[in-house]
Visitor: 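Mind having a look at this structure? Questions to follow.
Keep in mind that the numbers below use all heavy atoms, side chains included, and drop hydrogens, waters and symmetry copies.
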Amino acid sequence: MTAFQLSAGRPNPLGATFDGEGVNFAVFSQHASKVTLSLCDESGAETFLLDLVEREGHIWHGYIAGLRPGQQYGYRVHGPYAPAEGHRFNPHKFLVDPYAKQLTGHLEWHDALYGYEIGHADGDLSFDSRDSAPYMPRSVVVDPAFTWGRQDQMRLDTRWSDTILYEAHVKGLTAARDDIPHAGRFLAMSSEPMLRHLRELGVTAIELMPVHASVDDRFLVDRGLSNYWGYMTLGFFAPDPRFMTGRDIAEFQQMVARFHSAGIEVILDVVYNHTAEGDHRGPTLSFRGFDNASYYRLAENPRHYVNDTGCGNTLDLDHPFVLRMVMDSLRYWVEVMHVDGFRFDLASTLARTDGQFDRDGPFCRAIRQDPMLNKVKMIAEPWDIGPGGYQLGAFPSPFVEWNDQFRDNVRRFWRGDALMTRKLAGHVAGSALSFDHDGRPATASVNFVTAHDGFTLMDTVSYSEKHNAANGEDGRDGHDANHSDNCGHEGPTEDAEILARRARRRRNMLATVMFSQGTPMILAGDELGNSQGGNNNAYCQDNAIGWVDWEAADPDFLAFCRRIIAFRKANPILRQKRFLHAGTRAVDGKPDVFWRRADGRAMHEDDWCNPDLRCLGVEMRMARGTPAYEPRTGAVYLLFNAGGPTRAVLPEALPGHRWQRVIDTSGRSAAPADQGGERIAEDSVVAFELAPLTESAARSKPQHAGRARA
């Protein structure tokens with residue numbers, strides 16, 4: 001290798017930056033005594049060790065002229081090894097650059113990866129002097145330049161009110177597709193068959209489960225499993241090598257460009273709440289070796305970590321350089337990779353200040369004031385396992401939030417639980433009790449009945465208990481409160497009646513998602529009838545359990561999904577920004593929302609408290625004061641029936657109009673409704689729209705005057 005000369009370089013930007021003539025290296029460490037840059041050849045052998053002697057504040061930096069993209073490197077950092085004081089420096093450990101834009105692969109588990117001697121009587125207080133480099137991935141210098149072509153390939157800006165989210169795993173969605181090249185990789189995600197499927201389904205944004213470089217936990221590898229979901233991040237800037245065919249990050253950029261050309265936004269599920277280094281017994285891979293006391297929130301005894309995440313450690317976003325790393329990472333994925341937004345795993349952890357949730361703390365404030373990030377989609381998972389960690393509805397704009405109460409209560413309503421009708425109504429109207437404050441829109445609630453964490457839609461109606469034996473944890477993992485119902489038989493069955501009941505229940509739950517105010521999200525594979533065999537925690541199942549089964553696709557249910565998504569997209573009444581509070585509209589004197597019993601009469605308090613009430617009707621119009629839409633005749637009427645067959649009386653239609661049945665989960669086709677009383681099948685959802693009468697129909701069938709009125 002050529003003998004490279006190190007010059008002073010610059011403290012900014014952090015990471016390894018190619019400028020056309022060479023590479024600038026800059027890393028943060030507040031407590032280190034020396035930082036050594038290690039240059040490696042293609043075999044991984046360290047060929048040059050260069051001390052970064054220049055330091056500005058807490059940033060160590062240097063520049064090497066003539067160095068090119070593709071150069072592999074890492075660091076060795078010197079300083080005190082004093083776990084009882086929070087310091088775990090060990091120069092024998094080869095470290096990944098926290099700002100690495102690419103990694104050569106994944107680590108190989110070995111005791112040398114730990115800063116202490118495994119099995120020593122002093123545990124993590126001992127010191128291990130073995131070299132970890134042979135078992136570590138290397139960071140790679142990249143040139144992220146990419147030709148984006150058309151403007152629509154660069155970034156989309158779909159309004160929240162028009163958004164339909166589709167949560168998917170890069171490998172899980174494509175691994176079982178033999179007809180797609182590079183199955184399981186970024187290139188497969190944006191292949192024409194996948195784009196065609198998503199376009200025909202009608203989704204507007206794909207929410208990708210973690211694509212940042214991650215680590216397979218050692219205990220999983222020992223069981224022959226892996227961290228399939230990827231929630232153990234090692235690099236916040238680098239795409240995970242398992243999703244690439246080689247070492248070219250342009251594969252990710254190409255995927256984004258193709259999604260954008262198809263009109264589909266790309267949202268990343270990001271994990272900034274913890275890292276893959278675990279607790280005090282974990283390995284030294286990057287952050288711990290650079291500056292343990294700065295990167296992590298330490299307990300009162302600084303040998304240990306605050307664990308609000310349940311994953312062993314918690315990143316300290318109170319520290320300005322850790323917050324800067326998170327913000328730099330977000331900006332990189334927006335500016336360079338052109339993604340359209342983020343879903344923040346355990347977002348309550350990110351919003352903690354001095355350990356307490358603070359909606360106006362450093363993280364939320366940084367997002368809100370950033371001129372680049374406050375324009376992209378921000379989705380919070382509004383909880384963690386720390387004190388006061390459940391914060392549904394507490395995040396400020398521009399965040400929207402996963403609404404797990406919607407999931408649980410909708411499942412319980414359709415399971416037939418008592419006193420769920422009032423809760424269902426609240427969710428259909430946008431979950432205003434949680435979100436209607438501080439000027440937040442109704443779209444702030446991300447409505448879903450299934451996500452990666454839990455049962456699939458098929459399993460929600462096929463299993464009453466979780467079946468997680470394959471995870472090797474004796475069934476201790478995964479949620480116990482699934483609010484599911486096997487409809488009469490646990491697991492697969494050939495019973496036609498049970499299968500019909502399950503199909504209808506799936507249609508009901510999806511219809512509830514699409515008919516509710518808020519932002520709908522569906523789980524990849526649900527539209528096909530995908531099952532995980534009752535496993536509600538398939539985080540370690542990189543196999544047929546965790547992959548979408550395209551062979552078992554249910555064409556009838558897929559057609560229903562396409563139709564109901566199209567209905568939502570075509571009807572602005574179902575996707576409003578303003579909350580519906582039964583306000584009287586000036587344009588026609590009608591309320592924007594009105595709740596009815598099956599007999600057409602208004603709901604009263606006794607009805608809401610009736611444990612036997614299973615059928616609810618709601619008449620919706622555009623919210624009072626909505627500037628863009630004030631149609632005099634625009635209205636929908638929805639009936640949610642979790643009980644037996646019912647005769648429903650419809651509201652009075654306006655003169656010259658009648659109610660048209662457009663969606664019926666019991667299988668009835670669209671048709672003019674019987675205005676005097678519509679028969680509603682058991683366990684079904686029916687949607688009606690106002691439609692103009694033809695001249696002949698108006699003469700032959702005038703509207704009845706005795707109908708229930710709003």
Side-chain angles (χ1 to χ4, degrees), residues 160-161 380 382-383 390-395 399-451 481 483 508-521 568 571 573-584 591-598 601-624 626 635-643 685-687 710:
W160 274 117
S161 56
W383 52 78
Y390 189 77
Q391 293 292 334
L392 178 68
F395 281 77
F399 289 94
V400 303
E401 302 173 37
W402 271 27
N403 189 346
D404 64 324
Q405 293 296 314
F406 182 100
R407 174 198 64 198
D408 293 349
N409 291 329
V410 168
R411 287 187 182 189
R412 293 184 65 193
F413 175 83
W414 289 112
R415 189 174 65 175
D417 290 8
L419 297 174
M420 284 293 108
T421 305
R422 184 194 290 271
K423 292 183 181 297
L424 177 78
H427 294 313
V428 169
S431 301
L433 289 177
S434 295
F435 295 101
D436 190 8
H437 60 84
D438 296 332
R440 300 187 76 184
T443 51
S445 174
V446 175
N447 300 330
F448 64 100
V449 289
T450 55
H483 308 298
N508 291 343
M509 287 193 283
L510 183 67
T512 306
V513 171
M514 292 301 160
F515 290 165
S516 297
Q517 302 298 326
T519 303
M521 183 184 81
R568 177 185 175 88
N571 199 316
I573 294 174
L574 299 177
R575 44 186 177 83
Q576 303 188 51
K577 288 183 62 178
R578 293 174 182 255
F579 286 92
L580 305 178
H581 287 304
T584 301
D592 50 29
V593 65
F594 196 86
W595 304 97
R596 300 183 186 277
R597 304 186 320 188
R601 297 181 181 275
M603 289 283 292
H604 294 289
E605 187 59 31
D606 289 346
D607 299 312
W608 292 115
C609 297
N610 180 359
D612 298 322
L613 183 69
R614 297 289 189 275
C615 187
L616 177 68
V618 56
E619 187 176 359
M620 286 186 186
R621 294 176 174 83
M622 295 305 297
R624 180 181 60 177
T626 302
V636 296
Y637 190 62
L638 310 173
L639 280 162
F640 302 88
N641 182 30
V685 180
V686 188

Visitor: Which distance, rounded to the nearest 0.5 Å, do you find between the CD of Glu619 and the CG of Leu580?
Guide: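 Answer rounded to 0.5 Å: 12.0 Å.
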Visitor: Please name all residues satisfying side-chain hydrogen bond (donor to acceptor under 3.5 Å, both in side chains) with Asn447, sequence neighbours left out, ordered by chain then number.
Guide: Ser445
Visitor: Below 4.5 Å, heavy atoms only, C-beta onward: do Val593 and Val618 meet side chain to side chain?
Guide: yes
Visitor: Residues two or more places apart in sequence or in another chain: which of them pass salt bridge (Lys or Arg N to Asp or Glu O under 4.0 Å) with Arg407?
Guide: none
Visitor: Decide yes or no for Trp414 and Val449: does some side-chain heavy atom of the first lie under 4.5 Å from some side-chain heavy atom of the second?
Guide: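 With C-beta onward as the side chain, the pair stays apart.
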Visitor: Would a distance-only check, ignoring hydrogens and angles, find a side-chain to backbone donor-acceptor pair under 3.5 Å from Arg568 to Arg575?
Guide: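 No, the answer is negative, given that no donor and acceptor are paired below the 3.5 Å cut-off.
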Visitor: By side-chain contact (heavy atoms from CB on, under 4.5 Å), which residues pair with Ser161, not counting sequence neighbours?
Guide: Arg159, Thr443, Lys577
Visitor: Measuring only between side-chain heavy atoms, which start at C-beta, is Met620 closer than 4.5 Å to Val428?
Guide: yes
Visitor: ring-ring contact (aromatic ring centres under 6.0 Å, His included) with Phe413: which residues, sequence neighbours excluded?
Guide: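 Expected list: none.
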Visitor: Which residues pass the side-chain hydrogen bond (donor to acceptor under 3.5 Å, both in side chains) test with Gln405, sequence neighbours left out?
Guide: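 Tyr390.
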Visitor: For the pair Arg440 (side chain) and Phe399 (backbone), establish whether a donor and an acceptor sit closer than 3.5 Å, ignoring hydrogens and angles.
Guide: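 The answer is yes, because a donor-acceptor pair under 3.5 Å joins these two groups.
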Visitor: For Met622, is there any backbone N or O sitting under 3.5 Å from a side-chain donor or acceptor partner on Asp592?
Guide: no
Visitor: Not counting sequence neighbours, which residues clear salt bridge (Lys or Arg N to Asp or Glu O under 4.0 Å) with Arg412? List them please.
Guide: Asp417
Visitor: Is it true that atom CG of Leu419 has more than 12 heavy atoms of other residues, nucleotides or ligands lying nearer than 6.0 Å?
Guide: yes
Visitor: Test: ring pair (Phe, Tyr, Trp, His ring centres under 6.0 Å). Region: residues 418-448. Which pairs qualify, not counting sequence neighbours?
Guide: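 Counting only pairs at least two positions apart or across chains, the ring pair (Phe, Tyr, Trp, His ring centres under 6.0 Å) contacts touching residues 418-448 are Trp402-Phe448, Phe406-His427.
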Visitor: Restricting to side-chain contact (heavy atoms from CB on, under 4.5 Å), what partner residues turn up for Asn610, sequence neighbours left out?
Guide: Asp612, Leu613
Visitor: Pair Val636, Asn571 - check side chain to side chain contact (heavy atoms under 4.5 Å, CB included), show working.
Guide: CA-CA 9 Å; Val636 296; Asn571 199 316; 3.2 Å; yes
Visitor: To the nearest 0.5 angstrom, please state how far the CG atom of Asn641 sits from the CZ atom of Arg614.
Guide: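 Separation between the atoms: 10.5 Å.
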Visitor: Can you give me the closest heavy-atom contact between Phe594 and Ala602, atom names plus distance?
Guide: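 Heavy-atom minimum between the residues: CZ-CB, 3.6 Å.
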Visitor: Which residues pass the side-chain hydrogen bond (donor to acceptor under 3.5 Å, both in side chains) test with Asn508, sequence neighbours left out?
Guide: Thr665, Asp683
Visitor: Out of curiosity, Lys423 NZ to Ser431 OG, how far, rounded to the nearest 0.5 Å?
Guide: 11.0 Å
Visitor: Any idea which heavy atoms bring Thr450 and Arg411 closest together, and the distance?
Guide: CG2-NH2, 3.7 Å
Visitor: Any side-chain heavy-atom pair from Glu401 and Leu392 closer than 4.5 angstrom?
Guide: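 Contact flag for Glu401/Leu392 side chains = yes.
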Visitor: Donor-acceptor pair, distance only, cut-off 3.5 Å: does the side chain of Arg601 make one with the backbone of Ala598?
Guide: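 A pair under 3.5 Å: no.
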Visitor: As an exercise, state the distance from CD1 of Ile573 to CZ of Arg621, rounded to the nearest 0.5 Å.
Guide: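 Spacing of CD1 (Ile573) from CZ (Arg621) equals 8.0 Å.
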Visitor: Sequence neighbours excluded, which residues qualify as side-chain hydrogen bond (donor to acceptor under 3.5 Å, both in side chains) partners of Trp383?
Guide: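 Result, side-chain hydrogen bond (donor to acceptor under 3.5 Å, both in side chains) vs Trp383: Glu381.
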Visitor: Of all heavy-atom pairs between Ala687 and Leu638, which one has the smallest distance, and what is that distance?
Guide: CB-CD2, 3.6 Å
Visitor: Answer yes or no: is there a side-chain heavy-atom contact under 4.5 Å between Leu424 and Asn409?
Guide: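 With C-beta onward as the side chain, the pair stays apart.
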Visitor: Got a sec, which residues hit salt bridge (Lys or Arg N to Asp or Glu O under 4.0 Å) with Arg422, two or more places apart in sequence or on another chain?
Guide: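 With sequence neighbours excluded, Arg422 shows a salt bridge (Lys or Arg N to Asp or Glu O under 4.0 Å) to Glu605, given in chain and number order.
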Visitor: With Asp436, which residues qualify under side-chain contact (heavy atoms from CB on, under 4.5 Å), at least two apart?
Guide: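 In terms of side-chain contact (heavy atoms from CB on, under 4.5 Å), with neighbours along the sequence ignored, Asp436 is linked to Ala432, Phe579, His581.
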Visitor: Determine, step by step, whether Trp608 and Leu616 satisfy the side chain to side chain contact (heavy atoms under 4.5 Å, CB included) criterion, reporting the C-alpha distance in whole Å, the side-chain angles of both residues, the deciding distance to 0.1 Å, and the verdict.
Guide: CA-CA 10 Å; Trp608 292 115; Leu616 177 68; 3.9 Å; yes
Visitor: How far apart are the closest heavy atoms of Ala623 and Gln576, and which atoms are they?
Guide: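 Heavy atoms only, the tightest pair is N-OE1, 2.6 Å.
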